[in-house]
Asker: 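Before I ask anything, let me first share the structure, which is written out below as structure tokens.
Note: hydrogens, waters and symmetry copies are ignored here, and every other heavy atom, side chains too, is used.
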Amino acid sequence: MFLSNYNDRDECDCKHLVLNIIVAIGLFLMTFVPFAFAADTTTENNEAPRTQVTTAEAKTADWAVSIPAQGEVLPWEVAIISAKTNGIGATEIKVVEGDSVRKGQVLARFDDRLLKAELAQAKANLALAASNLQLATNNLKRFEQLKIKQTLSEQEFEQVSTQAATAMATRDQAAAAVTLAEVKLADATVIAPDDGKILERNIELGKVPGTGEVLFRLLRQHKLEWVVQINAEDLDRVKPNMLAQINVANNKTLPGKIRSVSPQLNSNSRLATVRVILDGSPDLAVNTYADGKILIGNAKAIIAPADTLVIKDGKTWVFRLKNNSAEQVLVTLGRRVGQEIEILSGVNAGDVLVWEGAGFLNDGDKIAVKTAHTTGAQ
């Protein structure tokens, strides 16, 4: 019965109703959705994600105060071993540069056949002179008895006495010749005057050096010293027996002690010379140029890990934790020991600094601490 009353006009009204409902729903959605997105955006802005960082606290430490220096590694003392013979050639050379030797060790030998013959002749002359002296002495004793009995003239006694004195002088001269021949023979064998290391060798097999010609240069007792120049303003702070360190290969350091401080400045450079004896027998080449430092005492320092530093625009900064934000602070640096560095200005002891993640921050960034490290200094 409903179908009988349904006509085209009713159908048209129904379509208009559906269309109005669809339009109303669309207008509602267009009005609500922007407000929904705006609310979400506001929420996101208010809850912006924080940068995750680790921190470290600036500490105080008792660090050594030092004066940086550069200089050469030189021998502590060098023994010059020269030829003491003349006109004979080398028959044996037993060492080369770099060899370690002991005091009294044979370094070289020279042809000593002629020297042995000279010694033998000198000993024979001594024996003859000793015999003549004995004869003259006995003769003098006999003439002394005759003089007492007044059976001998004064002139005759003086003659015998002179002969005895001459015989004694001849014997002494022959003894001196023996000693000289023994010394010359001993000089044909070159020995080390001290423990040490051969720095230089200037003799070859068969060479005939002249007297005084340098055969070897010996680094005495294997000791080396670091010779540096310091400024005049540092001279009054540096004293003998102060400790020093020099830097060598593979990031190693060698300890030493100041041997002497020059009492005057170089007239040209206006620098003073300081000599530092290196401990032990370091295996360093002579004339090596090295840098290091002279330790003159201790002083308090504010320190932090070196990784907290950030270089921006040619300046050094750190980021300090302040109210859950990163505060960018300009700092001045001082000494460095290992992975820690002294901060002279900008930071106080107890300040919490951003360690890992500092390179990604800007001043005022919100941060969240995931780990707080502690340094070893107190």
Asker: Just how far is it from atom NZ of Lys184 to atom CG of Asp112, taken to the nearest 0.5 Å?
Answerer: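 Going from NZ on Lys184 over to CG on Asp112, the span is 12.5 Å.
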Asker: How close do Asp194 and Leu218 get, counting heavy atoms only, and between which atoms?
Answerer: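 Residues Asp194 and Leu218, closest heavy atoms: O-CD2, 3.4 Å.
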Asker: Taking atom CE as the centre, does Met242 end up with more than 12 heavy-atom neighbours from other residues, nucleotides or ligands that are less than 6.0 angstrom away?
Answerer: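 Enclosed.
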Asker: With no hydrogens and no angle check, is any side-chain donor or acceptor of Arg335 less than 3.5 Å from a backbone partner on Ala64?
Answerer: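 Yes, Arg335 side chain to Ala64 backbone: donor-acceptor pair under 3.5 Å.
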Asker: side-chain contact (heavy atoms from CB on, under 4.5 Å) with Thr211: which residues, sequence neighbours excluded?
Answerer: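 Residues passing side-chain contact (heavy atoms from CB on, under 4.5 Å) with Thr211: Asn86.
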Asker: How far apart are the closest heavy atoms of Asp111 and Thr91, and which atoms are they?
Answerer: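 Scanning both residues completely, I find the closest heavy atoms to be N-CG2, 3.6 Å.
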Asker: Is Lys223 paired with Glu77 through a side-chain N to carboxylate O contact shorter than 4.0 Å?
Answerer: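 Looking at Glu77 and Lys223, the cut-off is not met.
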Asker: Distance check, rounded to the nearest 0.5 Å: Ser82 atom OG versus Asp187 atom CG?
Answerer: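 Result: 11.5 Å between the selected atoms.
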Asker: Considering all heavy atoms of both residues, which atom of Lys300 and which atom of Asp62 are nearest to each other, and what is their separation?
Answerer: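 Smallest heavy-atom distance, with atoms named: N-OD1, 4.1 Å.
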Asker: I need the Leu321 CG to Asn323 CG distance, nearest 0.5 Å.
Answerer: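 If we round to the nearest 0.5 Å, Leu321:CG and Asn323:CG are 8.0 Å apart.
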Asker: When you look at NZ of Lys141, are more than 12 heavy atoms from neighbouring residues, nucleotides or ligands closer to it than 6.0 Å?
Answerer: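 For Lys141, atom NZ is not crowded (no more than 12 foreign heavy atoms under 6.0 Å).
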Asker: Could you tell me whether Glu233 atom CD has more than 12 heavy atoms of other residues or ligands within 6.0 Å of it?
Answerer: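 Count over threshold, so yes.
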Asker: For Gln245 and Trp226, what are the C-alpha separation, side-chain angles and deciding distance, and is it a side chain to side chain contact (heavy atoms under 4.5 Å, CB included)?
Answerer: CA-CA 10 Å; Gln245 292 178 344; Trp226 182 45; over 6 Å; no
Asker: Test side chain to side chain contact (heavy atoms under 4.5 Å, CB included) on Leu235 and Leu265 and set out the steps.
Answerer: CA-CA 9 Å; Leu235 188 58; Leu265 302 178; 4.2 Å; yes
Asker: Between Ile93 and Arg201, what is the shortest heavy-atom contact and its length?
Answerer: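 Closest approach of Ile93 to Arg201: CG2-NH1, 3.2 Å.
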Asker: Restricting to non-hydrogen atoms, name the atom on Glu204 and the atom on Ala90 that form the minimum distance, rounded to 0.1 Å.
Answerer: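 Heavy atoms of Glu204 and Ala90 come nearest at O-CB, 3.7 Å.
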Asker: Would you mind checking if Asp195 and Arg102 are paired as a salt bridge, meaning a charged N to carboxylate O distance below 4.0 Å?
Answerer: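 Here Arg102 pairs with Asp195 in a salt bridge, since their nearest N and O are under 4.0 Å apart.
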Asker: Under 3.5 Å, which donor-acceptor pairs link side chains of residues 119-136 to any protein atom two or more places apart or in another chain?
Answerer:
residue	atom	partner	partner atom	Å
Asn125	ND2	Gln121	O	3.4
Asn132	ND2	Leu128	O	3.4
Gln134	NE2	Asn138	OD1	3.3

Asker: Could you go through the side chain to side chain contact (heavy atoms under 4.5 Å, CB included) check for Leu333 and Val331 one step at a time?
Answerer: CA-CA 6 Å; Leu333 305 181; Val331 294; 4.0 Å; yes
Asker: Mind checking what makes side-chain contact (heavy atoms from CB on, under 4.5 Å) contact with Pro240, not counting sequence neighbours?
Answerer: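 Testing Pro240 for side-chain contact (heavy atoms from CB on, under 4.5 Å), a comparison that skips the adjacent residues, returns Val261.
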Asker: Verify side chain to side chain contact (heavy atoms under 4.5 Å, CB included) between Val337 and Trp63, making sure each step is shown before the conclusion.
Answerer: CA-CA 9 Å; Val337 176; Trp63 273 12; 3.8 Å; yes
Asker: Any side-chain donor paired with an acceptor under 3.5 Å for Ser262 and Thr273?
Answerer: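 Result is no, nothing qualifies.
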Asker: If you count every heavy atom of other residues, nucleotides or ligands that lies below 6.0 Å from Lys84 atom NZ, does the total exceed 12?
Answerer: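 Result for NZ/Lys84: open.
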Asker: Apart from Trp76 itself, which Ile, Leu, Val, Met, Phe, Trp or Tyr residues share its cluster (side-chain heavy atoms under 4.5 Å, direct or through members)?
Answerer: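 Noted: Trp76 shares its cluster with Ile277.
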Asker: Could Lys116 and Glu182 be called an ion pair, given the rule that one side-chain N must be under 4.0 Å from one carboxylate O?
Answerer: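 A salt bridge is absent here (no side-chain N lies under 4.0 Å from a carboxylate O).
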Asker: Does one hydrophobic cluster hold both Leu115 and Ile203, with members joined at side-chain heavy-atom distances below 4.5 Å?
Answerer: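 Result: yes, single cluster for both.
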Asker: Where is the tightest heavy-atom contact between Leu140 and Ala164, given as atom of each residue plus distance?
Answerer: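 The answer is CD2-CB, 3.9 Å.
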Asker: Evaluate whether atom CD of Glu92 has more than 12 neighbouring non-hydrogen atoms of other residues, nucleotides or ligands under 6.0 angstrom away.
Answerer: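 More than 12 within 6.0 Å, yes.
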Asker: Under a 3.5 Å distance rule, please check whether Asn202 uses its side chain to pair with a backbone N or O of Phe216 as donor and acceptor.
Answerer: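 Flag not set: sc Asn202 to bb Phe216 has no pair under 3.5 Å.
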Asker: Can you tell me if Asn266 uses its side chain to pair, donor with acceptor, with the backbone of Ser269 under 3.5 Å?
Answerer: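 Looks like yes, one N/O pair under 3.5 Å.
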Asker: Supply the atom-to-atom distance Lys315 NZ to Thr332 OG1, rounded to the nearest 0.5 angstrom.
Answerer: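 Atom-to-atom, Lys315:NZ and Thr332:OG1 are 10.5 Å apart.
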Asker: Any pair with a residue in residues 261-282 that passes salt bridge (charged side-chain N to carboxylate O under 4.0 Å, His left out), sequence neighbours left out, goes on the list, sorted by first then second residue, please.
Answerer: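 Every pair satisfying salt bridge (charged side-chain N to carboxylate O under 4.0 Å, His left out) with a residue in residues 261-282: Glu225-Arg275.
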Asker: So how far is it from Leu199 CG to Arg220 CZ, rounded to the nearest 0.5 Å?
Answerer: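 With rounding to 0.5 Å, CG (Leu199) is 12.5 Å from CZ (Arg220).
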Asker: Mind checking whether Leu254 and Leu243 sit in one hydrophobic cluster, side chains of I, L, V, M, F, W, Y counted as touching below 4.5 Å?
Answerer: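 Not linked; separate clusters.
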Asker: Would you give the length of the straight line joining atom OG1 of Thr308 to atom CD1 of Ile341, rounded to the nearest 0.5 angstrom?
Answerer: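 Nearest 0.5 Å value for the OG1-CD1 distance: 8.5 Å.
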Asker: Please list every donor-acceptor pair under 3.5 Å in which a side-chain atom of residues 280-297 meets a protein atom from a residue at least two apart or in another chain.
Answerer:
residue	atom	partner	partner atom	Å
Thr288	OG1	Ala285	O	2.5
Asp291	OD1	Asn247	ND2	3.1

